[in-house]
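Only heavy atoms go into these numbers, but all of them, side chains included; no hydrogens, no water, no symmetry mates.
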Amino acid sequence: MASLRYHAGRMVLYEEEPTVWRVKIKTKKGKVNLPLKAKELEPALIEAEYLYADARCLSRNHPICIECIHWLVIKSECGLGMPEGKASGGVWAKDCAYFWEKKI
């Protein structure tokens, strides 16, 4: 199967062999190639999106909510209930429990 490219090629999802999915993620700090637990395309894509969001969040000094581990990709909302959305630019990330340790 051919590779599937997302986020302007910064995330590439591909099937290494039947039922073995992998994702290549490029950030400004480097590249990673990770195995996925999912066996089918749809769950593999969701897992890859979360890994991509985590990688982007870790590579920036100023995270935004859409890159947070609490961001629910499918629902497009914060898992902690913060009133966040793409239009706000992630202004609530500074109040998120996930980022508290970064302030110390």
### Task
Apply the test side-chain contact (heavy atoms from CB on, under 4.5 Å) to residues M11 and E49: give CA-CA distance (whole Å), side-chain angles for both, the deciding distance (0.1 Å), then the verdict.
CA-CA 8 Å; M11 182 181 93; E49 284 288 352; 3.7 Å; yes
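- Between the side chain of R22 and the main chain of L13, no donor-acceptor pair closer than 3.5 Å is present.
- Linking Ile, Leu, Val, Met, Phe, Trp and Tyr whenever their side-chain heavy atoms come within less than 4.5 Å puts Y6 and L34 in one cluster.
- Distance check, rounded to the nearest 0.5 Å: NZ of K24 to OG of S3 gives 7.0 Å.
- Between L51 and I25, some side-chain heavy-atom pair lies under the 4.5 Å cut-off.
- Scanning all heavy atoms of the two residues, the minimum distance from P43 to A38 falls at C-CB, 3.5 Å.
- Of the inter-residue distances, the one linking L41 atom CG with L36 atom CG reads 10.5 Å to the nearest 0.5 angstrom.
- Under a hydrophobic clustering in which Ile, Leu, Val, Met, Phe, Trp and Tyr are joined whenever their side-chain heavy atoms come within less than 4.5 Å, directly or via other members, V20 and V32 fall into different clusters.
- Proximity of a side-chain donor or acceptor of E47 to a complementary backbone N or O of K37 within less than 3.5 Å is detected.
- Considering only heavy atoms from C-beta on, Y52 comes within 4.5 Å of R10 through its side chain.
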